[in-house]
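Heads up: the structure comes next, in structure tokens.
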Amino acid sequence: MPRYAIPLLTVEANLKRAVRRHLRELGFVTRDGELVHDELTKDDIRRLYRVNRRENLKASRRIRDAADDLIEHFADGKEVRPSEIRPLLERIDGGTWQSDLFAFATLWWSVPTSEGYGRRLRFLVWDENNGKLLGLLALGDPVFNLRARDEYIGWSGIDRKKRLSCAMNAYVLGALPPYNMILGGKLVACLLRSTEVSEHFRKKYSNKRTIIAERKERRELALITTTSSLGRSSVYNRVRVNGDEYLRAIGSTSGFGHFHIPDGIFARMREYLIRRGHKYANANAYGQGANWRMRVIREALTSLGMSPQLVRHGIAREVYACETAENSCAFLRGEAKRLAGSKLKPAEEIAAAAIGRWLVPRAERDPSFQTWTRDDTLWAMGLRRGARPRGTDCIADEA
């Protein structure tokens, strides 16, 4: 059948039905053009993400086919010695086996992770003691509008446009099994403020021409934000060692987003806008506007005669900030020309403090991580069939 053999009115009617049916299946009801739901538990939010997670698994066939080889980089519990953990950050590039491993490891999270956009720094966090994968860390360009961050910094619109390039957002951040069972996620979170992360940022992005400002800039990494996945975070809260606060809760998001619009429906929305000749359909290059996916969804909903407020799902996420210097906020406001009073430390020093603060005490209180196996990990990721192994009640919450 020719590509556009189906009349546009039929496409519109089918797409509207698909959106309404999907939202009902997620448990949402529409009231006055807005989504309404009961108070959601973390398990409820996980269920909302299941459609996206299933789509991610289907789209990752090449990675799934390599699961038996890639899983060998994960640890069995008996291979982990908490007091001897030695984290090593490895920055990775696309098209490598490390990139495949990163993509495979993200399938662990119950909330599907994005690929980031614009600038990206991706790291595998290894445990040098046993050569196994401890966790993941990935930084990408921050969203342009984030009220909690902007109010925390004290940004004006002009200052934000000038210095947003000195901030990044951790869009993947956490520990993998069995390290997550001994609070390894807190260790990975602390590594945001490592000397190594800032050095990689400086080498890759300092004195490079920006797309938006269209000039070369000497950029320093002043602030990293991240958000919880399932409402209030149990991992990012109280990330403090020896009185040194690595992550600070600075507010919450307003409950807008597009996680509840899965890739399949989004693709149909984009195709619909293409047929209508809308400029947003292909305006997905960096610098062409904030959050292309959100703009496409809003415009499609409006064109369909549906409320654009359906992008407001109402699930607020906590926002956290990691400052790299004592004057990070003053620098971002333009009140200081250089970062001063560095808070950066080598990863080895950060790890030693975090391991003593969290990992060893947790392992001593609850040694059950020692029975975890790589097969348990594959089963929890949805890549093994059969009876549920003992101890695989849920998978990770943080993204």
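The structure presented is a predicted model; accordingly, all values stated were derived computationally and were not measured.
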Measure across [X] and [Y] and return the closest heavy-atom pair with its distance rounded to 0.1 Å.
| X | Y | result |
| --- | --- | --- |
| Ala175 | Gly185 | CB-N, 3.3 Å |
| Ala340 | Ala325 | O-CB, 3.5 Å |
| Gly77 | Pro178 | CA-CG, 3.7 Å |
| Leu359 | Leu183 | CD1-O, 3.6 Å |
| Leu133 | Tyr179 | O-CE1, 3.6 Å |
| Ala170 | Ile224 | N-CG2, 4.0 Å |

**Q.** Derivation of the salt bridge (charged side-chain N to carboxylate O under 4.0 Å, His left out) call for Glu245 and Arg248
**A.** CA-CA 7 Å; Glu245 191 173 36; Arg248 177 176 296 177; 2.9 Å; yes
Q: Could you note down all residue pairs passing ring pair (Phe, Tyr, Trp, His ring centres under 6.0 Å) where residues 145-170 supplies at least one of them, sequence neighbours left out?
A: none
[X]: what forms a side-chain hydrogen bond (donor to acceptor under 3.5 Å, both in side chains) with it, not counting sequence neighbours?
| X | result |
| --- | --- |
| Asp150 | Arg160 |
| His73 | none |
| Ser156 | Asp159 |
| Ser99 | Arg122 |

Q) Above 12 or not: heavy atoms from other molecules or residues under 6.0 Å from CD of Glu128? A) yes
Please report, to 0.1 Å, the donor-acceptor pairs under 3.5 Å made by any side chain of residues 6-20, with sequence neighbours excluded.
residue	atom	partner	partner atom	Å
Glu12	OE2	Tyr272	OH	2.7
Asn14	OD1	Arg17	NH2	2.5
Asn14	ND2	Thr10	O	3.4
Lys16	NZ	Leu304	O	3.3

Q | Positive for side chain to side chain contact (heavy atoms under 4.5 Å, CB included) with Phe123, one of Leu89, Leu88, Ile92 | A | Leu89
Q. Pick one: which of Leu339, Thr324, Ile350 meets side chain to side chain contact (heavy atoms under 4.5 Å, CB included) with Leu344?
A. Thr324
Q) Which residues pass the side chain to side chain contact (heavy atoms under 4.5 Å, CB included) test with Ala353, sequence neighbours left out? A) Val241, Asn242
Close side-chain approach of [X] and [Y], heavy atoms under 4.5 Å:
| X | Y | answer |
| --- | --- | --- |
| Thr377 | Leu176 | no |
| Arg312 | Ser307 | no |
| Asp141 | Tyr171 | no |
| Thr225 | Leu223 | yes |
| Val125 | Leu136 | no |
| Leu121 | Leu137 | no |
| Trp108 | Pro177 | yes |
| Leu310 | Leu301 | yes |

Q. Are Arg202 and Glu199 within salt-bridge range, i.e. N to O under 4.0 Å?
A. yes
Q) Do Asp127 and Lys132 meet the salt-bridge criterion of a basic N to acidic O distance under 4.0 Å? A) no
Q: Assess whether side-chain contact (heavy atoms from CB on, under 4.5 Å) is satisfied between Arg163 and Leu332, documenting all intermediate values.
A: CA-CA 6 Å; Arg163 299 178 185 88; Leu332 290 168; 4.3 Å; yes
Q: Check the pair Val80, Ile182 against side-chain contact (heavy atoms from CB on, under 4.5 Å), reporting the backbone distance first and the verdict last.
A: CA-CA 10 Å; Val80 176; Ile182 52 174; 4.2 Å; yes
(Q) Going by salt bridge (Lys or Arg N to Asp or Glu O under 4.0 Å), name the pairs with one or both residues in residues 171-198, residues two or more places apart or in two chains. (A) Arg193-Asp244
Q.
Once salt bridge (Lys or Arg N to Asp or Glu O under 4.0 Å) is applied, what residue pairs with a partner in residues 79-99 remain, sequence neighbours excluded?
A. Glu79-Arg374, Arg91-Asp93
Donor-acceptor contact present, side-chain [X] to main-chain [Y], <3.5 Å:
| X | Y | value |
| --- | --- | --- |
| Asn327 | Arg338 | yes |
| Ser228 | Glu318 | yes |
| Ser198 | Leu221 | no |
| Thr227 | Val319 | no |
| Lys337 | Phe331 | no |
| Arg149 | Val143 | yes |
| Ser194 | Lys345 | no |

**Q.** Geometric cation-pi criterion, Arg293 with Phe266: 6.0 Å, 45°
**A.** yes
Q | Derivation of the side-chain contact (heavy atoms from CB on, under 4.5 Å) call for Leu139 and Arg120 | A | CA-CA 6 Å; Leu139 308 181; Arg120 289 196 308 170; over 6 Å; no
Q: Go through the structure and list residues passing salt bridge (charged side-chain N to carboxylate O under 4.0 Å, His left out) with Arg362, not counting sequence neighbours.
A: none
Please report the interatomic distance [atom1]([X]) to [atom2]([Y]), rounded to the nearest 0.5 Å.
| X | Y | atom1 | atom2 | answer |
| --- | --- | --- | --- | --- |
| Arg295 | Leu273 | CZ | CG | 11.0 Å |
| Leu192 | Thr226 | CG | OG1 | 7.0 Å |
| Arg219 | Ser165 | CZ | OG | 5.0 Å |

**Q.** From CA spacing to verdict: side-chain contact (heavy atoms from CB on, under 4.5 Å), Arg276, Ser303
**A.** CA-CA 9 Å; Arg276 291 182 61 91; Ser303 296; 3.8 Å; yes
Q.
Using the ring-ring contact (aromatic ring centres under 6.0 Å, His included) criterion, which residues pair with Phe201? Sequence neighbours excluded.
A. Tyr205
Q: List in chain and number order the residues that pass ring-ring contact (aromatic ring centres under 6.0 Å, His included) with Trp358, two or more places apart in sequence or in another chain; answer none if no residue qualifies.
A: none
**Q.** Distance-only side-chain donor-acceptor flag, Thr373 / Asp375, under 3.5 Å
**A.** no
